[in-house]
Amino acid sequence: MAPRVDKEYRDEIEKARTELHNIAMSNDKSNAPHLLRLAYASQFSIANSHVDDAATKPTQSDDTISTLKKIQKIKADHPIITHPDLYQLAGIVAVEILDGPKMEFVPGRTDSSILPDESCLPDVKQSASDLRKVFGKVGISEPKHIVALCGGLKLARSGPVLGPSLKFDDPYYLREPGKKKDSSPTDKPLLDKKKDSSPTDKPLLDNKKDSGGPTDKPLLDNKKDSGPTDKPLLDKKKDSGPTDNTLLDDPKFRECVQRYARNKEAFFKDYEEAHKKLSEFGLPHSSFIRSVLEKSMELVNSSTATQRVVAAAVAIFGVFYLINRRRAKHSQQFH
C-alpha cells in the first residue's frame, strides 16, 4: 500500500529535505550529482523490474554506495518515508542546490526494496531508437524531454570533478565564453559553436566585463597560442560517445540541442517538465489526490473565506489532474 500522505508524513518529508540539503551542500556540492544520479537510477530500475527482487545485486559505483548509506541513515531517522520518496526528494533537492529549477515534490510512492541500479540508466552505446525505448519505459517520449534529461545525466555522471564551479546549466549543449581551462575534460559540450550554431546562437554568459584574468579566456579561442586543450568543443569522431552522436545525428534531438544551446530558459522549462515526469513515474494516483485533499482540508479549516476558495480550487485541480493522468497512455502504476 502507498503511504498515507498526511500532515505527519509531510512534516517528516520536510525534515528529510533539510538533511538531504546538508548532504548535497557538503564537499563543495560534490555530493549533489550523486543524489541526482540515485534519483534517476531508482526510476529506471523500477521500470526495468517486474518483481521486487531484493536479492539481485545492482550495479553501483563507490560514490553511489556511499551516498546510499547516507540516505539509509535518513530513512532510519524517518522510517515512515518510503525509499522511492527519499530518492526522488534527493533528486529534486540536488537540482536546486546545483542552481537548477526549483520543482515541487509530490510524495506518496509505494515502498520498494528495489535498489537503484546504474546499469539501468541510458547507455552510451544506444542508438536513437534504443534511447527512445529506454526513456519510454519511464513515460518519457518527447524528444525535448529526452534531450533535457540527457543533460541532467551528463552532470549526474561527471559533474563532481568540477568542484566549486559545479552548476546545473546548459554548457553540455554549448560551452559559454569564460569557461576556465581547468574544466573537466569529461564535460564536453555537444555543439562546436563556430560550426554548429546560427548567428542568433549567442552565448548564454558574457564574462568579458567581469573577466578576472587569463583564466577567463574562452575555450573557443583559435589564436595561434592556443594550447592542445583549446580545440573545438566537439570532434564527433574522437571526443563524443555514441549517445552524444545520437543527439546530434537524430534531427529531432539535434533541434532540441540547438535550442538549449542558445536558450537557457527553454532548457530549464523542458528539464523541469521532464524531471517531474520521471520523478512521478509509478506514483499512485491515489497518493497524489490524497496529498491534494489533505492540503485542501487544512485550508478549509482556516478562518478566512479566501483560503476556503483556494482550498476548493486546489481540490478541483487535483481531480482534473487525476483524470488527465489516467488518460495518459504512458502512465504506469506500481501498487
Side-chain angles (χ1 to χ4, degrees), residues 1-26 31-32 34-47 49 51-55 58 60 64-97 102-117 138 275-302 311 314-315 318 321-322 325 332-335:
M1 296 292 293
R4 178 176 177 79
V5 185
D6 53 13
K7 185 178 184 302
E8 179 187 4
Y9 195 88
R10 291 200 300 275
D11 287 344
E12 291 298 299
I13 285 289
E14 291 310 309
K15 293 175 184 177
R17 185 195 296 270
T18 299
E19 295 179 32
L20 288 167
H21 181 278
N22 292 337
I23 292 174
M25 286 294 293
S26 62
N31 286 325
H34 304 323
L35 294 176
L36 182 58
R37 187 164 65 252
L38 273 177
Y40 287 150
S42 175
Q43 295 301 78
F44 282 100
S45 299
I46 290 175
S49 300
V51 293
D52 199 350
D53 185 7
Q60 297 171 342
T64 297
I65 294 174
S66 175
T67 305
L68 269 174
K69 290 179 180 179
K70 296 174 183 177
I71 289 184
Q72 289 300 333
K73 185 178 183 303
I74 296 177
K75 169 67 175 173
D77 293 338
H78 309 283
I80 67 172
I81 302 178
T82 65
H83 286 92
D85 270 354
L86 272 179
Y87 296 143
Q88 296 317 305
L89 179 61
I92 285 177
V93 169
V95 171
E96 185 174 341
I97 290 298
K102 295 182 180 181
M103 297 175 284
E104 178 190 8
F105 175 71
V106 179
R109 293 159 185 79
T110 303
D111 211 352
S112 170
S113 58
I114 299 175
L115 293 174
D117 188 340
V138 292
H275 189 112
K276 186 175 179 63
K277 283 188 175 184
L278 177 62
S279 176
E280 295 181 9
F281 174 76
L283 177 69
H285 297 157
S286 57
S287 294
F288 176 84
I289 291 300
R290 189 182 299 118
S291 178
V292 169
L293 292 179
E294 287 282 351
K295 292 179 182 178
S296 300
M297 288 305 297
E298 289 178 9
L299 290 175
V300 167
N301 292 330
S302 62
V314 169
Y321 182 91
L322 173 60
R325 284 283 296 267
Q332 298 185 32
Q333 299 184 38
F334 293 86
H335 295 285

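Throughout, residue positions are numbered sequentially from 1 according to the sequence presented.
The backbone N or O of Ile23 sits less than 3.5 Å from a side-chain atom of Ser26, completing a donor-acceptor pair. Remark: side-chain polar atoms of Arg4 are not paired, donor with acceptor, to backbone N or O of Tyr9 under 3.5 angstrom. Listed for the Asp117 side chain is no donor-acceptor partner under 3.5 Å among the backbone atoms of Ser45. Judged by distance alone, with hydrogens and angles left aside, the side-chain atoms of Glu12 form no donor-acceptor pair with the main-chain N or O of His78 at under 3.5 Å. Distance alone, capped at 3.5 Å, is enough to place a donor-acceptor pair between the Gln60 side chain and the Pro116 backbone. A donor-acceptor pair under 3.5 Å links the side-chain atoms of Gln43 to the main chain of Ser279, judged by distance alone.
Taking each heavy atom of Ala90 and Leu35 in turn, the nearest pair found is O-CB, 3.9 Å. Nearest approach of Ser42 to Tyr87, heavy atoms of both residues: OG-CD1, 3.3 Å. When every heavy atom of Thr82 is checked against every heavy atom of Arg109, the shortest pair comes out as OG1-O, 2.9 Å. Closest non-hydrogen pair, Ile114 versus Ser49, comes out as CD1-CB, 3.5 Å. Of all non-hydrogen atoms in Ala2 and Pro284, the two that sit nearest each other are CB-CG, 4.1 Å. Scanning both residues, Pro84 and Ser112, for their nearest heavy atoms gives CD-N, 3.9 Å.
Val93 places none of its side-chain heavy atoms less than 4.5 Å from the side chain of Glu96. Using a 4.5 Å heavy-atom cutoff, the side chains of Lys276 and Glu104 are in contact. For the pair Ile92 and His275, the minimum side-chain heavy-atom distance is below 4.5 Å. Side-chain contact between His83 and Gln72 is present, with at least one heavy-atom pair separated by less than 4.5 Å. Between His34 and Thr64, every side-chain heavy-atom pair lies at or beyond the 4.5 Å cut-off. Looking only at side-chain heavy atoms (C-beta outward), Gln88 and Val106 stay at 4.5 Å or farther from each other.
Ion pairing between a basic and an acidic side chain is recognised when a charged N comes within 4.0 Å of a carboxylate O; Lys7 and Asp11 show such pairing.
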Evaluate the side chain to side chain contact (heavy atoms under 4.5 Å, CB included) criterion for residues Lys15 and Asp77: first the C-alpha distance (whole Å), next the side-chain angles of each, then the deciding distance (0.1 Å), finally the verdict.
-> CA-CA 10 Å; Lys15 293 175 184 177; Asp77 293 338; over 6 Å; no

Evaluate side chain to side chain contact (heavy atoms under 4.5 Å, CB included) for Val138 paired with Ile46, printing each intermediate quantity in order.
-> CA-CA 9 Å; Val138 292; Ile46 290 175; over 6 Å; no

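Rounding to the nearest 0.5 Å gives a distance of 9.5 Å between CZ of Phe105 and CD of Glu14. Taking CG of Leu86 as the start and CG of Leu20 as the end, the distance is 6.5 Å to the nearest 0.5 Å. Rounding to the nearest 0.5 Å gives a distance of 3.0 Å between CD1 of Ile97 and NE2 of His21. In this structure, CD1 on Ile80 lies 4.5 Å from CD on Glu8, to the nearest 0.5 angstrom. Considering OG1 of Thr67 and CG of Leu36, their distance stands at 11.5 Å, rounded to 0.5 Å.
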